Protein chains: 2
Amino acid sequence: MQTFKELLDSSALKATHQRLAILNELDKKGHASIEEIYESIKQNFPSMSLATIYKNISSLKDKQIVSEVCTHPKSKFEITKEPHAHFICKICGEIEDIEFSDAIIDELEKKYPKSKKELYIYSICDKCK
Amino acid sequence: MQTFKELLDSSALKATHQRLAILNELDKKGHASIEEIYESIKQNFPSMSLATIYKNISSLKDKQIVSEVCTHPKSKFEITKEPHAHFICKICGEIEDIEFSDAIIDELEKKYPKSKKELYIYSICDKCK
DNA sequence: TTCTGTGCAAATCTTTTGCATGGCA
DNA sequence: TGCCATGCAAAAGATTTGCACAGAA
């Protein structure tokens, strides 16, 4: 696995503290909103600006280093991984990565080749039950 | 099929001109954003206020009369129908309803009973090809 | 008549932008 | 050193709210 620095290098983005902090935060949390990333990083890095997070999330998305998970009421972000589906808890809002089954991938790939596919399951997670 | 008035009556929402206009607009367009609904209705109904659309979309969603389709960069809304998936054109942003296949529904229903399932396919529509 | 819904304007949030300065390569 | 990235503050955009009045039941 590449380091975050290598990932950034290979995308022609400079490996700034701010970018590495954002990627570490997403790596640690799995999924986080702009505001959550900001609040968390600010603890150890008080000069971090919200505008910097917006700008970086935008460029990291352009380079496909991070992906947006479109949930209500706010989008969250994750480090781009293999395609997978998301289980979203209607109560606490936590997002859990789940597998696309092969059968589903095959069927969708046949019908909609090369398209981006997003599957969301909204239910109640084990903790909230 | 119920009329929109009956739908509103049975949800204890008054059948105002504004609400009927919103539902007619969604019925006509299939999918529309807040701004699109507003711009379109204002043509024939200049006193229609944007705040009224926000308030009504919110109450219509609460009553599950309309559903939100979470697309980028703006959400769109549709009249609630049978569960279905969405094909979203990456170029023009048009949304097309597509069927969930029985195989997919069965598999997901077995794994995640009674959950709300959303599937989005992002690709390029016939017009834009 | 009653009470919910509307329209307006202000308030609040969210996101973007411009620009001077800082810091990675 | 050369540029890209950052931080700040202001601007722009999106959404919500409060309140007096209008209109559906």
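From a predicted model like this one, the values you see are computed outputs, not experimental measurements. In the text below, chain A, chain B and the rest are named by the order of the sequence lines, each starting its count at 1.
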Legend entry - Between P of D/dA5 and CG of A/Leu23, the distance in whole Å: 14 Å

Inset, instruction - Write out all pairs satisfying salt bridge (charged side-chain N to carboxylate O under 4.0 Å, His left out) with one or both partners inside residues 38-49 of chain B, taking only residues at least two apart or from two chains. - result: B/Glu39-B/Lys42

Legend entry - Residue A/His72 excluded, over 12 heavy atoms near NE2 under 6.0 Å: yes

Inset, instruction - Mind running a 4.0 Å heavy-atom check of residues 56-72 of chain A against DNA chain C and sending the residues that fall below it, in number order? - result: none

Inset, instruction - Could you list by number each residue of residues 25-49 of chain A showing a heavy-atom separation from DNA chain D of less than 4.0 Å, or answer none if no residue does? - result: A/Ser47, A/Met48, A/Ser49

Inset, instruction - Mind calculating the distance between CD (B/Gln18) and C1' (D/dC21) to the nearest angstrom? - result: 13 Å

Inset, instruction - Considering only NZ, NE, NH1 and NH2 on the basic side and carboxylate oxygens on the acidic side, decide whether A/Asp106 and A/Lys110 come within less than 4.0 Å. - result: no

Name each donor-acceptor pair under 3.5 Å that joins a side chain in residues 119-129 of chain B to protein atoms two or more places apart or in another chain, with its distance.
from	atom 1	to	atom 2	distance (Å)
B/Tyr120	OH	B/Cys70	N	3.3
B/Tyr120	OH	B/Glu118	OE1	2.8

Inset, instruction - Write out all pairs satisfying salt bridge (charged side-chain N to carboxylate O under 4.0 Å, His left out) with one or both partners inside residues 49-71 of chain B, taking only residues at least two apart or from two chains. - result: B/Lys61-B/Glu68

Inset, instruction - Would you work out how much the helix from C/dT1-D/dA25 to C/dA25-D/dT1 bends between its ends, with each end axis defined by five base pairs, to 10 degrees? - result: 50°

Legend entry - Between C1' of C/dT14 and NZ of A/Lys76, the distance in whole Å: 17 Å

Legend entry - Residues forming a side chain to side chain donor-acceptor pair (under 3.5 Å) with A/Lys14, sequence neighbours excluded: none

Inset, instruction - Taking atom NZ of A/Lys81 as the centre, report whether more than 12 heavy atoms of other residues, nucleotides or ligands fall under 6.0 Å from it. - result: yes

Inset, instruction - Identify the heavy atoms of A/Ala15 and A/Lys5 that sit nearest to each other, and give their distance. - result: CB-CG, 4.0 Å

Inset, instruction - Identify, with sequence neighbours excluded, every residue that meets ring pair (Phe, Tyr, Trp, His ring centres under 6.0 Å) alongside A/His84. - result: A/His86

Inset, instruction - Count the heavy atoms of every other residue, nucleotide or ligand shown that sit under 6.0 Å from CD of B/Gln64, and state whether that count exceeds 12. - result: no

Inset, instruction - In whole angstrom, give the distance that lies between atom CG of A/Leu50 and atom P of C/dT14. - result: 9 Å

Legend entry - Non-neighbouring partners of B/Glu99 that pass side-chain contact (heavy atoms from CB on, under 4.5 Å), sequence neighbours left out: none

Inset, instruction - May I have all residue pairs that pass ring-ring contact (aromatic ring centres under 6.0 Å, His included) and include part of residues 48-69 of chain A, sequence neighbours excluded? - result: none

Legend entry - Inter- and intrachain pairs under salt bridge (charged side-chain N to carboxylate O under 4.0 Å, His left out), touching residues 17-29 of chain A, at least two apart: A/Glu25-A/Lys28, A/Glu25-A/Lys29

Inset, instruction - Would you give a per-nucleotide map of nucleotides 17-25 of chain C, 5' to 3', where B means the base has a protein non-hydrogen atom under 4.0 Å away, S means only the sugar-phosphate does, and - means neither? - result: BB----BBS

